[in-house]
Structures are given as C-alpha cells and as structure tokens.
Trainee: 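Encoded as structure tokens, here's the structure I'll be asking about.
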Amino acid sequence: MAAEGRVLAPPLRPPSPGGGGPAVPGAVPEPLLAAEVLALDDEEDLEVFSKDTSLAEVNSFSSSVPISPSSMINQYKLEDEPELRDLFITVDDPESHITAIETFITYRVVTKTSRGEFDSSEYEVRRRYQDFLWLKSKLEEAHPTLIIPPLPEKFIMKGMVERFSDEFIETRRKALHKFLNRIADHPTLTFNEDFKIFLTAQAWELSSHKKQGPGLLSRMGQTVRAVASSVRGGGVKNRPEMFTEMNSYMEAFSQKINVLDKIAHRIYKEEREYFNEMKEYGPIHTLWSASEEDIAESLKGVASCIDKCCKATEKKMAGLSENLLPILHEYVLYSEILMGVLKRRDQIQGELDSKVDANKKAEKDLFSEEIGKLEDKVECANNALKADWDRWKQNMQFDMRSTFTNVAENNLRYYEECLATWESFLASQRVELHMEEDSEDRP
C-alpha cells in the first residue's frame, strides 16, 4: 500500500460483496476477546473488535526462518494489482474531538478514482462512526437482499482503562477501512449514490443530505410494515427450494463459526497465560546461576533458550490475532447479516403471497397491478441474492483456506524455531561434557 490514499487490490480474489476488500499488510482488525461487554449509548461514538491489541503490529513471521514456495506470503507478494480497479479508498489519521456534549473520533477518508461520474480524481473528507452507520443503513435500505459488509460492533470491553487508547482507535480504523473497501469492490454497492456522497461530501454537505431522508413518521411506518411482513414471512408458502437450502446452510454455518470463534479466543487466552509464565520462568534460571558456579553456564543457556521460545510464542500469538481471530469474528458478523438478508427476502415473498391470497378471496382481479409489481420485486430480490450468495460463498471459502494455511505455516515455524533453539543448546552441552571427560582421562 502506498503511504497515502492508495491500497493494493486483494490478492488472488475476484471482486465480491462478501469479502475481498483490499488487503493491507499489517492492517487487519484485531480480535474480539471472550470477555463481558458493555453496550454503549448511541451518543457514544465507540466500537471495537478487540481489547488486547498490544501485539497487533508484530510481524507474525520471522525473517530468519525460510519461507516455503507455497507460502501465502509469497503468493501475496507475487500477485500483481488488477489493472481494472478504478476506486481506491484509505481510512487513516484519526483525530479526537471534545465538545461540551460529547467526545468522539473522526477519521480521514481519502478516495482516488478514475471514474467519470466523479467530478474530481481525489477527495479527502472526515467521517465519524455514526456516518459509517448511516451509510450501512442506507445501503441496506436501497439493497435489502444484497450482502452488506459488517461494521465493527458499537461496544467496548468491560475493564478497558483507556477508551481512546491508540490501540483501540487503530483497531477501529482498520475495521472501517476494510468496510469501505469491501463496498468499493462490490459490483453493485460501489455505484450506490449514498456511497458516492459519503466519499465526496464535506461534513456540512453530508449532514444536509442526511436530513433529506424520510421523516420520523415515515420511518415508523416502514418499521411497522417490516414487523408485519416478518410475521408473515415466518411461514412463506412459495419460497423457492434454493432459499430454504440457503437458510439451512446459514443456520449450520452460524453455529459452527460461533463455536470456532469461542474456541479460538480461548486458545489465544491460554497462549497469553503461557507467554506470561514463560517471561517469569527464564529470569529464575539466570538468578539461580549466580549461586551455582559449576552449572552456571548451563543455567544461563536454559534461560537463553526460554527467552528465545518466549519471543517465538509472542510471534505465534500475533499470528493468531492477525490471521485467525479477526477473520473468524468477521464471519460471525456475516452470519448474522446473511440471516437478516434471507428474512428480508422472505418479507418480500410474504407480501406477494398476502396480496395473492387477498385477490383470491375477493374473487376479482382487484390487486392484479400490485401483484405484478410485487412479482417483479420478488424476482429482482431473488436474482440479487443468488448472485451475491455465490460471490460471498466463494470469498468465504477463499478466506478460510487462506486463514488456516497461514495459521498452519505460523505454527510450523514456531515449533521449528523452538526445536532448533533447544537442539542447539543440547549440542553445546554435549560438547562441553565430552571436553570434561577428555580432561579427566588425561594423566
């Protein structure tokens, strides 16, 4: 990624809505640790993927360990940037704002494009989290059966000392950057008018545009209709088999990805506890060596090995926090989004079924025109979801393969590094032992 305003396109990945935002080395959202959370008021502009981000920027791969030809790192470096990409977005430069009412963070959003519908080739605006929420809601409103990328949740970990710590803010920045680039890579969402306004309008212009939306009474009416449709959608009569299969798939996927997410966080927690104990374990041997002259060098050697293994463990943990936890949690959020999309499709189908039933009871074609429009609406919704489903599933499978491959490589390097450390120590001890034996055998 260039220093300013330009990001690399995703390696080995076709454009898609369900995944495939630009890959940014070292800019992966941190994981959500298994801990209690506190929901914040809507006025508080906070959200986070992870409490513990101390290892976020540590490179999970050692430069001293050879990288295999099949390594995902090599694949990334060898992948050329697609030439057809015409929209580049960067989220950076967080800035705190303190007023008499609230404290919040804004981020700079830099957009570079060659598209003709933009008046300029480069834009720079500042946005806060509420603006991202507005964009997501507008996309869902305009495209109810498309898969809108997830935003980081609006909550904070209990016990976090500093709400606006650098780690916290950086975690949020990465997540927002990924959100926008996933939208930019989507073949439909990328041309949404509200998305264009979000990228180009200054703060006062965006605020004015927001006020042009539906009024409170209109929104309440939409909510009531949505609830009513949801009740009807629970027993959709003519749902195509394909969407029944999708629903069953997502129920199973949601259950499995949630279990994986919890186990991965538990493993990370245990790794951290092991790491903390190792940090105390090594110095004990060094202190001991001061009172044992005969085995002082051996004790120092053990302490050195423990220290090296401790550093390797730290890198392994960084690999988990960068390559596994954020992806698993992102797809936990995606599972919730997909279930919502399927419900909205059923609501549209339920509305059509209701009109057809009402028309039959009237024994006249009272609603023929409305039924025709609803049939077109259902067909458009079905086609949109089918296309998005295929893209999402393809990218989900790619992300999972890449993630587990990275974890496997990371684990392999960790154990190889620790094994080499202890083998080197053993070899040095054998040499010293032989030297002592030779000296004893001499007259």
Side-chain angles (χ1 to χ4, degrees), residues 25-26 28 30-31 33-35 50-68 71 73 157 159-162 165-168 170-171 263-325 406-442:
V28 183
E30 269 66 355
L33 296 181
S50 167
K51 172 184 177 181
D52 194 336
T53 55
S54 58
L55 301 178
E57 299 305 321
V58 180
N59 187 350
S60 59
F61 297 100
S62 171
S63 59
S64 61
V65 181
I67 297 175
S68 64
S71 168
I73 291 181
M157 292 293 178
M160 178 175 279
V161 178
E162 179 54 57
S165 66
D166 292 341
E167 294 83 6
F168 174 80
E170 178 62 8
T171 296
I263 293 174
H265 284 109
R266 191 161 64 241
I267 290 173
Y268 181 82
K269 181 181 178 182
E270 292 172 356
E271 287 279 352
R272 172 159 287 284
E273 291 172 352
Y274 173 65
F275 170 73
N276 290 334
E277 290 180 356
M278 283 187 71
K279 286 199 297 185
E280 298 178 5
Y281 189 43
I284 295 296
H285 290 79
T286 302
L287 293 173
W288 187 14
S289 68
S291 58
E292 294 283 354
E293 294 184 4
D294 293 340
I295 57 172
E297 293 303 317
S298 295
L299 290 172
K300 289 178 181 179
V302 170
S304 176
C305 289
I306 294 173
D307 181 61
K308 291 178 181 178
C309 289
C310 190
K311 292 177 180 178
T313 302
E314 188 175 22
K315 288 187 289 184
K316 182 185 176 186
M317 290 167 56
L320 287 175
S321 70
E322 293 177 3
N323 301 321
L324 178 64
L325 299 181
N406 282 332
V407 170
E409 288 182 340
N410 198 28
N411 285 340
L412 180 63
R413 296 177 192 204
Y414 167 75
Y415 290 114
E416 285 178 344
E417 188 173 344
C418 291
L419 179 62
T421 297
W422 288 107
E423 283 181 340
S424 176
F425 171 73
L426 285 176
S428 66
Q429 293 302 298
R430 291 193 184 102
V431 170
E432 291 182 8
L433 183 61
H434 288 316
M435 291 176 62
E436 289 178 3
E437 291 177 350
D438 290 343
S439 64
E440 290 176 358
D441 292 340
R442 291 174 186 169

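Values reported hereafter were calculated over all heavy atoms of this structure, with side chains retained and with hydrogens, waters and symmetry mates removed.
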Trainee: So, taking the atom named CD in Glu416 and the one named CD in Glu423, what distance separates them when rounded to the nearest 0.5 Å?
Mentor: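 Between Glu416 CD and Glu423 CD, I get 10.5 Å after rounding to 0.5 Å.
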Trainee: About how many Å separate CD1 of Ile284 and CG of Leu299, when rounded to the nearest 0.5 Å?
Mentor: 11.5 Å
Trainee: Given Asn276 and Tyr281, is the side-chain contact (heavy atoms from CB on, under 4.5 Å) satisfied, shown in steps?
Mentor: CA-CA 9 Å; Asn276 290 334; Tyr281 189 43; over 6 Å; no
Trainee: Compare every heavy atom of Ala264 with every heavy atom of Leu324, then report the nearest pair and how far apart it is.
Mentor: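 Heavy-atom minimum between the residues: CD2-CB, 4.1 Å.
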Trainee: Can you classify the ring geometry of His285 versus Trp288 as parallel (below 30°), tilted (30 to 60°) or perpendicular (above 60°)?
Mentor: tilted
Trainee: Are Thr313 and Met317 side-chain neighbours, meaning at least one heavy-atom pair lies under 4.5 Å?
Mentor: yes
Trainee: State whether the side chain of Thr421 and the backbone N or O of Glu417 hold a donor-acceptor pair below 3.5 Å, judged by distance alone.
Mentor: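 Yes, the answer is positive, given that a donor and an acceptor are paired below the 3.5 Å cut-off.
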Trainee: Kindly write out the residues that satisfy side chain to side chain donor-acceptor pair (under 3.5 Å) with Ser298, not counting sequence neighbours, or none if the list is empty.
Mentor: Gln429
Trainee: So, for Cys310 and Lys279, which heavy atoms are closest and what is the spacing to 0.1 Å?
Mentor: SG-CG, 3.4 Å
Trainee: To the nearest 0.5 Å, what is the distance between CD (Glu273) and OH (Tyr268)?
Mentor: 12.0 Å
Trainee: Considering non-hydrogen atoms only, spot the tightest contact between Tyr414 and Ala312 and give its length.
Mentor: CD1-O, 3.4 Å
Trainee: What heavy-atom pair brings Cys418 and Cys309 nearest, and what distance separates the two atoms?
Mentor: SG-SG, 3.7 Å
Trainee: Within this structure, what is the CG-CG distance for the pair Leu320 and Asn406, rounded to the nearest 0.5 Å?
Mentor: 11.0 Å
Trainee: Of the non-hydrogen atoms in Asn410 and Lys316, which two are nearest, and what is the gap between them?
Mentor: ND2-O, 3.3 Å
Trainee: Write down the atom of Cys305, the atom of Phe425, and the distance for their closest heavy-atom approach.
Mentor: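 Minimum heavy-atom contact is SG-CB, 3.4 Å.
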Trainee: Quick one: pull up CZ in Arg272 and OG in Ser321 and give me the separation to the nearest 0.5 Å.
Mentor: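 Here the rounded value is 9.0 Å.
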Trainee: Between Arg413 and Lys315, does a side-chain contact (heavy atoms from CB on, under 4.5 Å) hold up when you go through it step by step?
Mentor: CA-CA 10 Å; Arg413 296 177 192 204; Lys315 288 187 289 184; over 6 Å; no
